[in-house]
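Heads up: the structure comes next, in structure tokens.
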Amino acid sequence: MTSFDYPNFKAHFIELLCESAKTLIASGDAVQIELVRTKQANHGDYSCNLAMQLAKPLHKNPREIASLLINALPTSPYLDKVEVAGAGFINLFLKSSAKQQFLRHILQNKETFGHSDFGQAKKIQVEFVSANPTGPLHVGHGRGAAIGASLSSILAAAGFNVSREFYVNDAGRQMDILTLSTWLRYLELNNVHILFPLNAYQGEYVKTMARQIHQAHAQRYVHQPELLLNGLPEIAQEAAVDTDEQLDQLIANAKKVLGQDYVYIHNFVLTEQLGDCRNDLMEFGVEFDTWFSEQSLFDNGLVAHAIELLKKKHYLYQQDGATWFRSTDFGDEKDRVVQRENGQFTYFASDIAYHFNKFERGFEQVINIWGADHHGYIPRVKGALQALGLDPHKLEIALVQFAVLYRAGKKAPMSTRSGEFVTLRELRQEVGKDAARFFYVMRKSDQHLDFDLDLAKSQSNDNPVYYVQYAHARVSSVLAQWDGEVDDLIVADTVVLTSPVELGLLQKLIDFPDIVEMAAKEFSPHVVAFYLRELASEFHSYYNSTRFLVPEIPIQHARLALIASIRQILKNGLTLLGVNAPDKM
RNA sequence: GUGCCCGUAGCUCAAUCGGAUAGAGCACCAGCCUUCUAAGCUGGGGGUUACAGGUUCGAUUCCUGUCGGGCACGCCA
């Protein structure tokens with residue numbers, strides 16, 4: 001764990017108010033003291049609504065309570081003055097000297113500035129992407145990847161012990177469909193033509209994998225294809241298969257005909273797709289600590305174990321030949337099947353085992369980042385956890401809404417069935433990693449995202465990514481021309497930084513750790529993106545109004561200390577979002 | 001039809017879980033480069049927070065209803 005060391009004014013003021021509050025209320029009564037940054041300068045730097053919250057229990061006028069609280073406030077070297085305002089707000093003014101002297105903490109802590117012990121090293125797992133390894137990642141996965149990766153970085157900075165995990169759905173029917181699809185394409189290469197099912201994987205990458213198998217093994221996997229259509233209605237022999245039942249029959253036939261060779265093709269396509277996925281994500285700046293195999297849950301008997309546990313607790317029953325979980329006991333709309341009539345466990349069954357296993361591995365908090373289309377799935381998973389005696393609140397599910405691409409002001413079409421979707425790789429190639437990562441987290445994750453491709457590509461002031469990066473590059477450029485050591489600025493006397501712009505910037509820099517903490521608390525990376533835009537904006541304004549490389553050395557060094565600190569925080573913030581901070585643009 | 005999410009400036013979105021005069025960017029209008037990067041800055045207009053009630057010191061935020069949009073309602077994953 002990285003070390004950090006700097007004062008936390010907000011926490012300090014909360015402590016003062018807490019001391020003060022003890023004079024008015026019984027010590028046993030826990031009061032949540034909330035301190036917020038003010039929006040207007042004449043309201044001070046921090047504001048507290050404690051007096052208004054106490055008005056009812058104390059049966060007193062809020063302004064009167066505020067005065068009492070202020071009188072009982074311990075002295076502090078950081079506190080300039082305190083005022084009662086409005087309906088009973090307590091406004092606190094941070095001393096200018098405290099702001100000015102804060103710069104050295106930023107310059108000393110460098111990349112650890114912004115870190116905190118808010119998370120208290122709590123073991124937390126973030127599971128995200130977890131796309132079926134049945135084809136390339138598309139732009140929808142991209143958003144989950146960007147949000148998951150950024151959130152993980154933010155949580156780590158806020159002092160959590162974070163584990164990033166990708167759940168690999170390598171056991172299900174979808175993998176069988178991909179295996180079959182690839183084999184059929186392979187047969188085509190060997191001049192065995194069976195009408196390609198409409199509901200199989202149509203993408204070009206399937207043909208690519210078939211070619212790879214063909215090149216490596218020639219005709220080795222051409223086994224009695226004439227048996228493939230056994231059990232299928234006459235019609236399927238002349239027209240392409242397009243129902244689930246028929247597709248499942250094809251898969252069953254393929255397994256029978258291929259025997260062990262089916263396993264080979266299955267493993268080949270899985271390895272191929274997973275490798276492609278991992279590579280794609282790595283180039284997107286997204287990496288995982290664990291790739292957790294769904295198949296391993298079956299191999300290690302964890303699915304059977306979890307189901308057995310539910311059975312012992314009487315949450316299962318038989319109906320229509322299947323085994324059902326009583327999820328309605330936990331608020332779900334209907335009960336859910338965990339084991340099908342044919343003996344196969346459902347995806348839900350392995351998911352129960354998976355989530356049970358997460359907590360067995362010691363995670364104190366688990367976050368799942370899911371596409372919003374899975375929201376109906378939440379009650380049954382939480383219900384299963386509860387049934388297993390676990391606290392469902394320890395599982396947080398963050399829903400991510402779809403990203404809709406716009407090109408030239410028009411929606412870019414998306415269709416997964418035909419295979420004509422925009423892949424994450426194509427998006428990266430078109431707009432670049434930095435723009436993609438930033439755009440994905442610019443909006444609250446549970447909101448739809450309109451992704452403007454033209455804007456993301458544009459090298460103009462309209463593009464927020466470049467706007468922030470440009471601020472970073474500008475500082476670098478000035479510091480390069482100064483030609484001194486940034487570390488020497490730690491001792492600069494910053495008392496000359498007194499203009500409203502400078503004091504505003506100083507406060508903005510002080511806010512950064514609180515921003516990271518808030519983003520962590522609310523699972524909201526977009527908070528960081530907004531903050532960076534605001535900081536860049538205040539910097540650009542400062543840049544245009546003030547010269548830094550002035551002849552007067554004390555002033556020069558003070559201003560350079562300020563912009564060097566700004567640069568550090570821009571870099572730290574961009575790093576949290578997986579965006580580069582270039583020195584030249 | 002039932003459940004969940006959403007509705008804020010012309011457009012895209014914020015608003016620190018109920019706080020002060022609801023904020024940015026884009027677009028529009030008017031200005032700023034012989035000076036550290038104009039991928040920048042300064043100023044201006046723009047709102048009954050979809051609508052109607054309710055809760056209280058105080059509501060974009062919480063509750064109810066209406067309208068409008070999205071998603072989900074498989075022994076798929």
Side-chain angles (χ1 to χ4, degrees), chain A residues 34-40 42-43 47 49 52-53 55-56 61-62 85-89 91 130-132 134 169 171-175 177 244 294 319-324 332-334 336-348 350-351 371-379 399 401-402 406 409 442-444 446-450 452 455 458-467 469-471 473-482 511 514-515 517-519 521-522 524 526-527 530 533-534 536-537 539-550 559-560 563 584-585:
Chain A
E34 280 173 30
L35 200 62
V36 298
R37 283 274 289 112
T38 55
K39 289 168 190 162
Q40 293 172 64
N42 62 323
H43 291 156
S47 180
N49 65 355
M52 288 179 288
Q53 287 182 335
K56 188 164 280 179
N61 180 311
F89 293 99
N91 291 337
S130 299
N132 276 329
T134 51
N169 299 122
R173 179 168 175 267
Q174 297 304 318
M175 275 309 300
I177 298 175
D244 282 353
E294 180 188 5
Q319 191 182 300
D320 304 328
T323 308
W324 297 71
D332 198 5
E333 289 170 12
K334 51 174 285 193
R336 309 291 175 175
V337 171
V338 290
Q339 192 167 17
R340 283 179 241 164
E341 201 175 353
N342 64 10
Q344 290 260 310
F345 285 109
T346 60
Y347 173 86
F348 178 44
S350 47
D351 230 15
D373 53 334
H374 285 70
H375 74 259
Y377 198 71
I378 297 173
L399 295 178
Q401 291 282 355
F402 293 120
Y406 282 83
M442 263 195 324
R443 303 280 173 254
K444 231 154 66 177
D446 59 359
Q447 297 284 346
H448 284 100
L449 171 69
D450 286 345
D452 187 334
L455 179 61
S458 77
Q459 303 207 343
S460 76
N461 51 353
D462 307 351
N463 190 333
V465 190
Y466 288 110
Y467 185 79
Q469 288 181 319
Y470 186 51
R474 269 184 150 178
V475 177
S476 289
S477 174
V478 174
L479 291 174
Q481 286 169 63
W482 169 55
D511 289 340
D514 294 331
I515 294 292
E517 183 180 312
M518 191 192 304
K521 198 188 297 180
E522 320 246 326
S524 298
H526 80 279
V527 170
F530 273 88
R533 240 158 46 139
E534 287 165 15
S537 168
F539 164 74
H540 284 308
S541 186
Y542 184 45
Y543 182 95
N544 275 272
S545 68
T546 313
R547 271 195 78 75
F548 311 132
L549 297 173
V550 292
R559 289 179 182 167
L560 290 177
I563 64 168
K584 283 182 186 164
M585 286 175 75

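Below, chain A is the first sequence line, B the second, and so on; all start at residue 1.
Considering only residues two or more places apart in sequence or on other chains, Arg37(A) meets the salt bridge (charged side-chain N to carboxylate O under 4.0 Å, His left out) condition with Asp511(A). Asp452(A) pairs by the salt bridge (charged side-chain N to carboxylate O under 4.0 Å, His left out) definition with nothing, not counting sequence neighbours. The side-chain hydrogen bond (donor to acceptor under 3.5 Å, both in side chains) check on Trp482(A) picks up Gln556(A), with sequence neighbours excluded. With sequence neighbours excluded, no residue forms a salt bridge (charged side-chain N to carboxylate O under 4.0 Å, His left out) with Glu34(A).
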**Message:** Protein within reach of the bases, or only the backbone? For nucleotides 71-77 of chain B, mark each nucleotide 5' to 3' as B, S or -, using heavy atoms under 4.0 Å.
**Reply:** BSSBBSB
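Among the atoms of the strands shown, none is found under 4.0 Å from any heavy atom of Ala480(A). Across all strands shown, Ser47(A) has heavy atoms under 4.0 Å from base atoms, whether or not it also approaches the sugar-phosphate.
Stem analysis of RNA chain B (at least three stacked-register Watson-Crick or G-U pairs, each with both distances under 3.5 Å) gives B:1-7 with B:67-73, B:10-13 with B:23-26, B:28-32 with B:40-44, B:50-54 with B:62-66.
For the pair Asp450(A) and Met518(A), both in contact range of RNA chain B, the more 5′-proximal nearest nucleotide belongs to Asp450(A).
Going from the C1' atom of rA59(B) to that of rC76(B) covers 43 Å, rounded to whole Å. Between the C1' atoms of rU37(B) and rC41(B), the separation comes to 13 Å (whole Å).
For the pair Lys444(A) and rA14(B), the criterion of a side-chain N or O lying under 4.0 Å from OP1 or OP2 is not met. Residue Tyr467(A) has no polar side-chain atom (N or O) positioned under 4.0 Å from OP1 or OP2 of rA38(B).
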